[in-house]
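Throughout, protein chains are lettered first and strands after them, A, B, ... in sequence-line order, and every chain is numbered starting at 1.
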Amino acid sequence: MDNRSIAQLLSETADLLEISAGDPFRIRSYRRAAEAVESSTVQLSEIANDTKKLLEIPGIGKGMAANIQEMEKTGTLPLREELLAKYRVSMLDLLRLPGMGPKSVALFWEALQVASIPDLEAAIAAGKLETLPRMGAKQIEKLKKGIEEQKKNSGRFLIDEAELAAEKLIDYLRKFDGIETITPAGSLRRGRETVGDLDILATGPACAKDKVQPAVEYTASYPPIADLIAKGENKVSFRLRSGLQVDVRLLPEASYGAALQYFSGSKMHNVTVRQRALKLGYTLNEYALARLEDGSVVAGATEQEIYAALGLNWIPPELRENNGEIEAAEQHRLPTLIEQRDIRGDVHMHTDATDGKNTIREMAEAAASRGYEYIAITDHSKNLAMTFGLDDERALEHIKHIREVNDEMEGRIRIFTGIEVDILHDGQLDLSDEVLARTDVVIASVHSLFNQPEEQMTERVLRAIENPNTRILGHPTGRLLLRREGFKINLQQILRRAAELGVAVEHNAYPDRLDLCDRDLRMAKELGCKISINTDSHHTSHMEKMSYGVRQLRRAWLAKQDVLNTLPANEFLAALRPRVG
DNA sequence: GCCGTTTTCGGCCCGACTGTTTTCAGTCG
């Protein structure tokens, strides 16, 4: 069983326990364990027999270790089965509705035998809900809306959509006199690949405690608001027409650092930081870090002073996932994370020879104007027929053409020749070895392999990277961060072999194709893989998207030296597996 | 159920908003 499935079973068990009004601390343990499993870079199935190793994972104790072993053996969990004898799995859908919590789910079930969203719709239509305590007209309306929303929306938004929405809102808020600083917090600030909702913090003289009302009103009248959810003293929540929920908080300047820390999360990071504060005799909330004994404020205006007062280095938001960053900050061994400006080249690009939109020259000019030192032109091969992929003959012509443009650029940028070849069903690459041997960058891409058994797919990818011409493994997880279902490979096995062979592993920077999530990237680093980053550009403007991939690299704790593209052109090529011949 | 500079029991993060209450429970982040 993979980590994801284990984490899901644990998390479902926590939900069911909560519906059954179980011990809140026991529930938290299940949630913590689920998160620990989900973010682990080790495949639990491989260490399930080793109880000692399981216990090394923070959040996994004796009970959870036994649970994990049980899941590996039977595919389920006794406690979960026990709870499901009493409740229904479909109740978990109800739990996802806004305004619905475990208490309401339990109440609906006990009073009306409502166990699913269709049940709930029927109960509402029959007017049965009004008979229940604290179910007024507004509450019922909220549920109806929630059901509609859930039918429309999948829930999470890609980082670039969220960022665009944030920028527009920030422009609007900035126009209000006395709002001076506006910062996105939450998972957007942490650089998550998807964002559940948008948290925006604002401060300035207009946000002072007794003067904030006009700014609140101004925020609540932001024109794109589709649905105002809540409006309080210093908080406005609403939904945009896109379905994205936004929370804006207007806070006094003295609290801004505390608020930023608080609302940037993650939840588990904050819990751990606050536990630390308590241990040191402080209490931390969104307004300040204060002494427990007399409530006197120790820090609050900046994040730096809060972390410092807790004996910690400032922690970059991308690392705040309770994955060891607090211990590292305590021991002054946080990594100096990679930055956008460290990236010198983009090595996966398409042109109008296949499915790109621009010429080689246009791509080169655009990259040069961004300050890149090198790029690789890597058009598709023939197997991807719908893109007019290159066969051997056209590939050779294309290589010649790339070299010509390279000369025309007169040293303003270096252009590597390249090709993105498909892995065929037998694991062979779809161009001849003679042609492949003549290009600088051969990316063997897994994107044609779908909906096949995991073992076969893994086997084929392994065979493809054994080909001595393969220098980069492209789209290792099938560029399907959001649609992974049809694509299962044993990534750990593949990364391990790639590391042995010196084949670099590609990380795609494009927001809807962030191939390796941060956990996978961390695993790649731990296994000693060479990591190359690119935008898989089909258009000159795609290069702008590199920042998303860089944030992903940061989340994986990667520093400059961990990424090949921070090397100068010659060193980049030299760092790849040696070319044949 | 986890965890330990309160070490094998007794703790376990913190506050705001809503709706339906007339002092608060439930939900959310």
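The two residues A:Pro98 and A:Leu143 make their nearest non-hydrogen contact at O-CD2, 4.3 Å. When all heavy atoms of A:Ser40 and A:Leu44 are compared, the pair lying nearest together is OG-CD1, 4.0 Å. Residues A:Met71 and A:Met1 come closest through the heavy atom pair O-CE, 3.5 Å. The two atoms that bring A:Tyr282 and A:Val298 nearest to each other are CE2-CG2, 3.6 Å, heavy atoms only.
The distance from atom CG of A:Leu54 to atom P of B:dG1 is 16 Å, rounded to the nearest whole Å. At whole-Å resolution of the value, CE in A:Met268 and C1' in B:dC2 are 11 Å apart. Rounding to whole angstrom units, CG of residue A:Asn270 and P of B:dG15 are separated by 13 Å. If you take CG of A:Leu201 and P of B:dA16, they are 15 Å apart, rounded to a whole angstrom. Regarding A:Arg28, its CZ atom lies at a distance of 10 Å from the C1' atom of B:dC2, rounded to whole Å. The CD atom of A:Glu141 sits 15 Å away from the C1' atom of B:dT18 (whole-angstrom rounding). For the pair A:Glu35 CD and B:dG1 P, the interatomic distance rounds to 18 Å; values are reported in whole Å. The separation between A:His269 atom NE2 and B:dC14 atom C1' is 15 Å, rounded to whole Å.
When each of A:Ala137 and A:Asn234 is assigned the nucleotide of DNA chain B with its nearest heavy atom, A:Asn234 is the one assigned upstream, toward the 5' end. In terms of position on DNA chain B, the residue among A:Met135 and A:Leu284 whose nearest nucleotide sits closer to the 5' end is A:Leu284.
Separating the P atom of B:dG15 from that of B:dT8 is a span of 30 Å, rounded to the nearest Å. Distance noted for atom P between B:dT27 and B:dT21: 16 Å (whole Å). As rounded to the nearest Å, B:dT6 and B:dC2 have P atoms that lie 22 Å from one another. Comparing the C1' positions of B:dG11 and B:dC17 gives a spacing of 29 Å, expressed to the nearest Å. Distance check on atom P: B:dC28 versus B:dT20 gives 15 Å, rounded to whole Å. The same atom, P, is picked in B:dT5 and in B:dC12; the two are 16 Å apart, to the nearest Å. Taking the P atoms as reference points, B:dG10 lies 33 Å from B:dA16, given to the whole Å.
Between B:dG1, B:dC12, B:dC14, one nucleotide has an atom nearer to the side chain of A:Tyr30 than all others, and that is B:dG1. Taking only side-chain atoms of A:Arg26, from C-beta outward, the nucleotide of B:dG1, B:dC3, B:dT20 with the closest atom is B:dG1. When distances run from any side-chain atom of A:Gln139 to the nucleotides B:dC17, B:dG1, B:dG19, the shortest one goes to B:dG19.
Taking CD1 of A:Ile229 as the start and NZ of A:Lys235 as the end, the distance is 9.0 Å to the nearest 0.5 Å. A:Gln261 contributes atom CD, which lies 5.0 Å from atom NE2 of A:His269 (distance to the nearest 0.5 angstrom).
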Which atom pairs, one a donor and one an acceptor, fall under 3.5 Å between side chains of residues 165-176 of chain A and the rest of the protein, sequence neighbours left out?
residue, atom, partner, partner atom, Å
A:Tyr172, OH, A:Tyr218, O, 2.8
A:Tyr172, OH, A:Ser221, O, 3.4

Check residues 50-67 of chain A and write down every donor-acceptor pair under 3.5 Å in which the side-chain atom is one partner and the other belongs to a residue at least two apart or another chain.
residue, atom, partner, partner atom, Å
A:Asp50, OD1, A:Lys52, N, 3.4
A:Asp50, OD1, A:Lys53, N, 3.4
A:Thr51, OG1, A:Gln69, NE2, 3.1
A:Asn67, ND2, A:Tyr30, OH, 3.3

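Both distances falling under 3.5 Å, in either a Watson-Crick or a G-U wobble arrangement, place B:dC17 opposite B:dG26.
If you check residues 59-81 of chain A against DNA chain B, the residues with a heavy atom closer than 4.0 Å are A:Gly59, A:Ile60, A:Gly61, A:Lys62, A:Gly63, A:Met64, listed by number. For DNA chain B, the residues of residues 287-301 of chain A within the heavy-atom distance limit of 4.0 Å (strictly under) are A:Tyr287, sorted by number.
A salt bridge between A:Glu217 and A:Lys231 is present, with a side-chain N of the basic residue lying under 4.0 Å from a carboxylate O of the acidic one. Of the charged side-chain nitrogens involved, none lies within less than 4.0 Å of a carboxylate oxygen, so that A:Glu148 and A:Arg239 do not count as a salt-bridged pair. By the 4.0 Å N-to-carboxylate-O rule, A:Asp199 lies close enough to A:Arg249 to be salt-bridged with it.
With A:Arg551 as the fixed residue, the salt bridge (Lys or Arg N to Asp or Glu O under 4.0 Å) test singles out one of A:Glu163, A:Glu339, A:Glu193: A:Glu163. The side-chain contact (heavy atoms from CB on, under 4.5 Å) with A:Arg190 is formed by just one residue from the set A:Arg554, A:Glu318, A:Glu321; it is A:Glu321.
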Base versus backbone protein contacts along nucleotides 21-29 of chain B [heavy-atom cut-off under 4.0 Å; B, S, -]: ----SSSSB
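Put simply, the side chain of A:Ser264 gets close to the backbone of A:Leu260: a donor and an acceptor are under 3.5 Å apart.
Listed pair A:Ser237 / B:dC17 fails the phosphate criterion, with no side-chain N or O lying under 4.0 Å from OP1 or OP2.
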Collect all protein-nucleotide pairs involving nucleotides 8-11 of chain B in which both atoms are nitrogen or oxygen and the distance is under 3.5 Å.
none

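Looking at heavy-atom distances under 4.0 Å, A:Thr283 makes contact with sugar-phosphate atoms alone, never a base. Heavy atoms of A:Leu278 sit under 4.0 angstrom from primed sugar atoms or phosphate atoms, though from no base atom.
A:Asp15 places a side-chain heavy atom less than 4.5 Å from the side chain of A:Arg31. Contact of the A:Leu312 side chain with the A:Arg276 side chain is registered, since non-hydrogen atoms from C-beta on lie closer than 4.5 Å.
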